[in-house]
Amino acid sequence: MANDAGTVFDLVVLGGGSGGYAAALRAAQLGLDVALIEKDKLGGTCLHRGCIPTKALLHAGEIADQAREAEQFGVKTTFEGVDMPGVHKYKDDVISGLYKGLQGLVASRKITYITGEGRLSSPTSVDVDGKRIEGRHILLATGSVPRSLPGLEIDGERIITSDQALVLDRVPKSAIVLGGGVIGVEFASAWKSFGTEVTVIEGMKHLVPVEDENSSKLLERAFRKRGIKFNLGTFFSKAEYTDNGVKVTLADGKEFEAEVLLVAIGRGPVSQGLGYEEQGIAMDRGFVLVDGQMRTNVPTVSAVGDLVPTLQLAHVGFAEGILVAERLAGLKAVPIDYDGVPRVTYCHPEVASVGITEARAKEVYGADKVVALKYSLAGNGKSKILKTAGEIKLVQVKDGPVVGVHMVGDRMGEQVGEAQLIYNWEALPAEVAQLIHAHPTQNEAMGEAHLALAGKPLHAHD
């Protein structure tokens, strides 16, 4: 197979999602000659089937809730229903605008963009539709797809994944969501806002089980108040078709019926049949294994994003891609502290966190060395105005820095930026307490929580 035009690129990126395009943009900015290969659309899952479209659906749901509940703010409205074609137009317009902007960015950096399905053909080449693309270094960034369970067949109509849920042409009357993690609770929240009767099935003992237990309990309380049902602590057994939809049976014999079943048990890496194992790339359960510099065991190959066993978040992919580009350009690349990555679940109410949970802190530092403080949003003026409830929980090493910030409440995702700085700069509560936070804002609750943790509470009881 002949090399395409005899060019040897400094970097060949296989996959144009968050990690891949971030690496390509940064590498080109640093003067490297870059080829970017994508079989579908630039932007990958996040832009087209993940972060952006789901948040658009959630915002449409928020508008629907506000229309129903406007009278509590003294505003008279009439809610006539959800127009799904209109919702999809709004969602697709958002995606389209961002997609065009991203295409323009790639073109402006003089990146060679290649459309087609690539396969790793050697440690320094990728084959794409009969052409061999050579590179001094290869970056694997082929992303992930929704996972299912053995014997649970996705038909795209009654039993669906998040991909199909994002283009559903109707509001289902009822839905079972299998999986109470980020994807599951976000769809449960959006569908409930649209008027669907929702039941979430989660095998672990809490919703969003990787979050601090306090956050999980607050979300569960809020979901009960909203009328979102959930069953915790028992795993899925089987699914069967009924005359009107699907019946799900759990391991303990409990049965649930609904119009649709959304399988939201996580995402698996896209790696099969792409030549990785043939080229000696070390792998585990389909994931490509990397070190702290995102290097595989093959010196000329790196990997980033959902393909590697790190946090499956778009902003993690961005950071990993940038790290690889800067390392290849000769800059000092600092390994990522994954505990310091902000995490947000955009359901209603939102769940946001940075750092480690109280339980993890006790494992690391010892139970007698950990201090936790909860600050209720009930004492925050802006949260009162918005009529949202929730808490900010701080986890501190005794007489030391804050090592965890865990938040539940509407718009808490917008507060995670300061929380990230607090954790990553190893701030002491007293140092945050002396910063002046604007009033009235929800951000003020962050300052108030640290005032309380520093031993000088203002709008909080001792």
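Because the structure is predicted, anything quoted here is derived from the model rather than measured.
Note that CZ of Phe223 is 11.0 Å distant from OG of Ser216, once rounded to the nearest 0.5 Å.
Side-chain atoms of Ser383 and Gln442 form a donor-acceptor pair, as typed in the model, at a separation below 3.5 Å. Donor-acceptor pairing under 3.5 Å is recorded for the side chains of Gln164 and Thr161.
Residues forming a side-chain hydrogen bond (donor to acceptor under 3.5 Å, both in side chains) with Glu418 (at least two apart in sequence, or on another chain): His437, Asn443. Among residues two or more places apart in sequence or in another chain, the ring-ring contact (aromatic ring centres under 6.0 Å, His included) test is passed with His206 by none. Scored by the side chain to side chain contact (heavy atoms under 4.5 Å, CB included) test, Arg109 finds Leu25, Ala28, Gln29, Leu105, Ile111 as partners (sequence neighbours excluded).
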Cut-off 3.5 Å, no hydrogens considered: what does the side-chain donor-acceptor table look like for residues 309-331, sequence neighbours left out?
unit_1: Thr310; atom_1: OG1; unit_2: Glu320; atom_2: OE2; d: 2.8
unit_1: Gln312; atom_1: NE2; unit_2: Arg267; atom_2: O; d: 3.4
unit_1: His315; atom_1: NE2; unit_2: Pro342; atom_2: O; d: 2.7
unit_1: Glu320; atom_1: OE1; unit_2: Gly305; atom_2: N; d: 2.7
unit_1: Glu320; atom_1: OE2; unit_2: Tyr338; atom_2: OH; d: 2.6
unit_1: Glu326; atom_1: OE2; unit_2: Arg26; atom_2: NE; d: 2.9
unit_1: Glu326; atom_1: OE2; unit_2: Arg26; atom_2: NH2; d: 3.1
unit_1: Arg327; atom_1: NE; unit_2: Gln293; atom_2: O; d: 3.1
unit_1: Arg327; atom_1: NH2; unit_2: Gln293; atom_2: O; d: 3.0
unit_1: Arg327; atom_1: NH2; unit_2: Ser302; atom_2: OG; d: 2.7

Could you tabulate the donor-acceptor pairs under 3.5 Å formed by side-chain atoms of residues 185-193, not counting sequence neighbours?
unit_1: Glu186; atom_1: OE1; unit_2: Lys55; atom_2: NZ; d: 2.9
unit_1: Glu186; atom_1: OE2; unit_2: Lys55; atom_2: NZ; d: 3.4
unit_1: Glu186; atom_1: OE2; unit_2: Tyr346; atom_2: N; d: 2.8
unit_1: Ser189; atom_1: OG; unit_2: Arg226; atom_2: NH1; d: 2.8
unit_1: Ser189; atom_1: OG; unit_2: His348; atom_2: N; d: 2.9
unit_1: Lys192; atom_1: NZ; unit_2: Glu197; atom_2: OE2; d: 3.4
unit_1: Ser193; atom_1: OG; unit_2: Asp65; atom_2: OD2; d: 2.7
unit_1: Ser193; atom_1: OG; unit_2: Ser189; atom_2: O; d: 3.1
unit_1: Ser193; atom_1: OG; unit_2: Arg226; atom_2: NH2; d: 2.9

Show me the donor-acceptor pairs within less than 3.5 Å that the side chains of residues 172-184 make with the rest of the protein, sequence neighbours left out.
unit_1: Ser174; atom_1: OG; unit_2: Glu259; atom_2: N; d: 2.9

Can you check side chain to side chain contact (heavy atoms under 4.5 Å, CB included) on Val8 and Glu134, steps first, answer last?
-> CA-CA 5 Å; Val8 178; Glu134 300 270 5; 4.1 Å; yes
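Between Lys374 and Asp212 there is no salt bridge, since none of the side-chain N atoms of the basic residue sits less than 4.0 Å from a carboxylate O of the acidic one.
More than 12 non-hydrogen atoms from other residues, nucleotides or ligands lie less than 6.0 angstrom from CD of Gln72. Applying the 6.0 Å contact sphere to CZ of Arg158 captures more than 12 heavy atoms from other residues, nucleotides or ligands.
Using cut-offs of 30° and 60° for the angle between ring planes, the His59 and Tyr90 rings count as tilted.
Proximity of a side-chain donor or acceptor of Thr296 to a complementary backbone N or O of Val298 within less than 3.5 Å is detected.
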